[in-house]
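Please read the structure below before turning to the comments.
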Amino acid sequence: MQDSSLSLLHNSTVDLFVTTIYDAVSLIRTNQYDEGLKAAGFLPFDHSLRGKEREEQIQYTLLRILLNPSSELCGVIQKYITTMKNHYSIGLQLRVGGKMKNANDAVFLGMERIRWCISRVKRIIRQLQTVHPILFLSTDSIAIQQVVVDSFYPIQVLYVTEYQMGHSASRYGKHGEKETWEEATKRAIIDIMVLKECDHLMTTHNSSFGGIAVLLQQSYELEVSVDSFLKERGLKCSAFTNRSTIGTNERV
């Protein structure tokens with residue numbers, strides 16, 4: 001990441017700040033930096049990586065280091081993860097947007113697509129013949145939340161109740177609704193950290209939120225450990241578990 005400030009207006013007391021940010025991970029396409037990255041713990045020592053595999057390992061390491069919620073949120077996350085334990089868990093991230101969303105936004109999924117997603121999950125459950133599946137729902141619409149709960153009864157549908165709903169938390173912040181912004185942000189963090197633990201994850205195609213959930217889920221492919229590094233820096237509660245398998249996912 002590169003961040004620089006540049007004063008262009010020499011006769012003015014106001015400086016113009018120019019900030020440039022790029023994804024350095026996508027530029028690491030050769031083994032030129034591998035020894036340094038291995039020494040820093042970003043790559044495994046035991047074998048060489050190529051292209052996309054190298055990028056993914058570095059990206060997963062960064063995700064594990066940077067995305068560690070506070071103890072307050074981590075405790076809530078662990079509660080939901082524990083509830084899903086010993087069940088086949090399906091994560092459903094339905095980004096609706098538009099007028100059906102609690103805060104008006106661009107349209108993502110309409111009702112026809114929502115019904116298709118519900119049917120798709122039901123087919124997955126039938127094919128698995130799982131006795132006690134469990135669903136974790138992340139959505140930006142209370143109306144859709146109720147539709148999903150009703151559609152899957154008596155299968156248990158979990159969703160965060162500790163904080164209020166709102167995927168586009170920045171919209172609240174822009175209007176000065178600080179408390180609402182904080183609530184929506186906390187809920188979004190919990191949602192994304194629980195979604196990553198699901199055995200099968202379905203996310204909204206054009207939602208960057210869903211994309212990050214998928215990346216976090218797949219970060220269980222990480223071949224290096226960052227636990228000792230984080231513990232040395234005071235991490236007492238981890239939102240990541242010791243999974244024996246990596247979940248599957250699909251964009252809908």
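Because only heavy atoms are used, hydrogens play no part in the values below, and waters and symmetry mates are left out as well, while side chains stay in.
- In summary, of the residues considered (Glu56, Gln59, Gln57), a side chain to side chain contact (heavy atoms under 4.5 Å, CB included) with Leu222 occurs for Gln57 alone.
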**Request:** Assess whether side chain to side chain contact (heavy atoms under 4.5 Å, CB included) is satisfied between Ile81 and Met193, documenting all intermediate values.
**Result:** CA-CA 9 Å; Ile81 292 174; Met193 285 297 181; over 6 Å; no
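- Gln93 and Gly210 get closest at one heavy-atom pair: OE1-CA, 3.3 Å.
- Remark: Leu135 CG to Gln156 CD distance equals 9.5 Å, nearest 0.5 Å.
- Taken to the nearest 0.5 Å, the CD atom of Gln217 stands 5.0 Å off from the CG atom of Asn249.
- Side chains of His200 and Glu250: a donor on one and an acceptor on the other come within 3.5 Å.
- The environment of Lys231 atom NZ is sparse: at most 12 non-hydrogen atoms of other residues, nucleotides or ligands sit within 6.0 angstrom.
- Formation of a donor-acceptor pair under 3.5 Å by the Lys196 side chain with backbone atoms of Ser219 is not found in this model.
- Atom SG of Cys237 and atom CG of Leu230 lie 12.0 Å apart (nearest 0.5 Å).
- Asp150 CG: more than 12 foreign heavy atoms inside a 6.0 Å radius.
- Between Gln164 and Arg187, the closest side-chain pair of non-hydrogen atoms is not below 4.5 Å.
- Contact between Trp181 and Thr185 at its shortest, heavy atoms only, is O-OG1, 2.7 Å.
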**Prompt:** After noting the C-alpha distance and the side-chain angles of Leu195 and Leu216, does the key distance pass the side chain to side chain contact (heavy atoms under 4.5 Å, CB included) rule?
**Reply:** CA-CA 9 Å; Leu195 285 169; Leu216 286 167; over 6 Å; no
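- Going from atom CZ of Arg120 over to atom CD1 of Ile125 covers 11.0 Å, rounded to the nearest 0.5 Å.
- Residues Phe42 and Phe45 do not share a hydrophobic cluster, clusters being chains of Ile/Leu/Val/Met/Phe/Trp/Tyr side chains in contact below 4.5 Å.
- Scanning both residues, Cys198 and Ile90, for their nearest heavy atoms gives SG-C, 4.0 Å.
- Proximity of a side-chain donor or acceptor of His132 to a complementary backbone N or O of His87 within less than 3.5 Å is not detected.
- Considering all non-hydrogen atoms of both residues, Glu162 and Glu183 come closest at O-OE1, 4.4 Å.
- Counting only heavy atoms from C-beta outward, the side chains of Lys186 and Val76 never approach each other to under 4.5 Å.
- The backbone N or O of Lys79 sits less than 3.5 Å from a side-chain atom of Thr83, completing a donor-acceptor pair.
- Between Asp227 and Ser238, the closest side-chain pair of non-hydrogen atoms is not below 4.5 Å.
- Inter-residue side-chain proximity for Phe152 and Ile118 is flagged as met; some heavy-atom pair is nearer than 4.5 Å.
- Between Leu43 and the choices Lys38, Glu53, Glu35, the side chain to side chain contact (heavy atoms under 4.5 Å, CB included) rule is met once, by Lys38.
- Between Asp199 and Arg243 there is a salt bridge, since a side-chain N of the basic residue sits under 4.0 Å from a carboxylate O of the acidic one.
- Figure legend: cation-pi geometry between Arg64 and Tyr60 absent, as NZ or CZ is not positioned both under 6.0 Å from the six-membered ring centre and within 45° of its axis.
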**Request:** Start with the C-alpha gap between Val148 and Tyr159, add the side-chain angles, then the distance that decides, and say whether side chain to side chain contact (heavy atoms under 4.5 Å, CB included) holds.
**Result:** CA-CA 11 Å; Val148 172; Tyr159 51 86; over 6 Å; no
**Request:** Check the pair Leu94 / Cys117 against side chain to side chain contact (heavy atoms under 4.5 Å, CB included), numbers first and verdict last.
**Result:** CA-CA 9 Å; Leu94 300 178; Cys117 292; 4.1 Å; yes
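- Among all heavy-atom pairs drawn from Ile192 and Ile189, the shortest one is CG2-O, 3.2 Å.
- The cationic atom of Arg95 (NZ for Lys, CZ for Arg) does not lie both less than 6.0 Å from the six-membered ring centre of Phe209 and within 45° of the ring axis.
- Checked against side chain to side chain donor-acceptor pair (under 3.5 Å), Thr241 has the following partners two or more places apart in sequence or in another chain: Glu197, Tyr220.
- Residue Leu235 holds its CG atom at 11.5 Å from OG of Ser228, rounded to the nearest 0.5 Å.
- Using a distance-only test at 3.5 Å, with no hydrogens or angles considered, a donor-acceptor pair links the side chain of Ser141 to the main chain of Ile144.
- Residues Val252 and Leu109 approach most closely at O-CD2, 4.3 Å, considering heavy atoms.
- A distance of 12.0 Å separates CD in Gln78 from CD1 in Ile190, rounded to the nearest 0.5 Å.
- Side chain of Gln127 to main chain of Lys122: no donor-acceptor pair is present (N/O by atom type, distance under 3.5 Å, no hydrogens or angles).
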